[in-house]
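Written below as structure tokens is the structure these notes are about.
As the structure is a computational prediction, the values presented were derived from the model and not from experiment. We count ligands from 1, going down the list as the structure has it; atoms in each ligand are counted the same way.
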Amino acid sequence: MPDLQRFDARRDLDWEKAWKAFDEDGGLIVESFIDPELLARLQADFGPLIQRHEPGSTTEGLWTEFHGDVTKRITGLPTHSQAWVELLCDERYQAMGDRYLGPNEYWLNTGQLICIGPGETPQMLHRDELNWPHAMRQHEITVTAIFALTDFTEANGATVIAPGSNHWPGALPKVPEEATCRATMTAGSALLYSGKVIHGGGANVTTDQWRVGLHAGFCCGWLRSEENFQLTIPLEVARTLPARARLLLGFSSYSPEFGGRLGLVDYDDAARLLD
Ligand SMILES: O=C(O)CCC(=O)C(=O)O
């Protein structure tokens, strides 16, 4: 059975080895990525929000199936949690974006809670980069973290992933079950993975457990992001955010290393509107 390589943030984590695993397998697990105090604050901030939210998709067709009937998906998270803004600005998390997309060349694609409930069926397997089929190329255009806010187990819906599928040709090749493994991990750990690796949410066969993940990916700054942050986060909240978070959420303008400037207001940095 294939498996993902595991690293532990509490020990001396050799990030070069971690990125080698990322390149080989398309993903890796960092145990205890989030320190316990921050994890407790994330859980406290999001608990009531999750309670209030109904499972299922508000969209139609294929998306209903993709989103899951017994899954709660919640966006606009900076409005609800200062702790999430702190995690968003974590240098180790940004290092993944810097390395694969280029320093200051990316923004957040989405930051959403994915809560897989009892009885949920497996999500269809996919590659995240298929959001932008015309932009797919040899290099990464999107990289993602799923932060576990509860334990992820085989029974409650730990992500299904096919290690090495980041190297498989074709847009979305068929995946034999024996080529997959489950990203089981304890609360506070993170699955870091490539936009090219084939994966999906797992089935939840428990009768009473919700698997809560914070799914937060970066994409190249020149790509349209999955979540429309300017509409999910009110301006008065954006004004309170640190500069780095504003940039990652599209409330400041973006200047790629080689090229022009994007997201301008009156040909100037949009950040001025918030000052
Ligand atoms: O929740 C998960 O484990 C994966 C979800 C996912 O890949 C997605 O919804 O795009």
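- A cation-pi contact, defined as under 6.0 Å to the ring centre and within 45° of the axis, is absent between R246 and F251.
- At least one cation-pi condition fails for R261 and Y254: the charged atom is not both under 6.0 angstrom from the six-membered ring centre and inside a 45 degree cone around its axis.
- A salt bridge links E37 with R41: the closest approach of a Lys/Arg side-chain nitrogen to an acidic carboxylate oxygen falls below 4.0 angstrom.
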Legend entry - Intermediate values then yes/no, salt bridge (charged side-chain N to carboxylate O under 4.0 Å, His left out), E24 and K20: CA-CA 6 Å; E24 282 168 10; K20 190 163 176 285; 3.0 Å; yes
Inset, instruction - Could you walk me through whether H80 and F46 pass ring-ring contact (aromatic ring centres under 6.0 Å, His included), step by step? - result: CA-CA 7 Å; H80 302 281; F46 292 142; 7.6 Å; no
Nitrogen or oxygen contacts under 3.5 Å, ligand 1 side and protein side:
| residue | atom | partner | partner atom | Å |
| --- | --- | --- | --- | --- |
| ligand 1 | 1 (O) | R211 | NH1 | 3.3 |
| ligand 1 | 1 (O) | R211 | NH2 | 2.9 |
| ligand 1 | 3 (O) | T159 | OG1 | 2.6 |
| ligand 1 | 3 (O) | R211 | NH1 | 2.7 |
| ligand 1 | 7 (O) | H126 | NE2 | 3.1 |
| ligand 1 | 7 (O) | H199 | NE2 | 2.9 |
| ligand 1 | 9 (O) | R73 | NH1 | 3.2 |
| ligand 1 | 9 (O) | R73 | NH2 | 2.8 |
| ligand 1 | 9 (O) | Q123 | NE2 | 3.0 |
| ligand 1 | 10 (O) | H126 | NE2 | 3.1 |

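- Aromatic ring centres of Y106 and Y100: separated by at least 6.0 Å.
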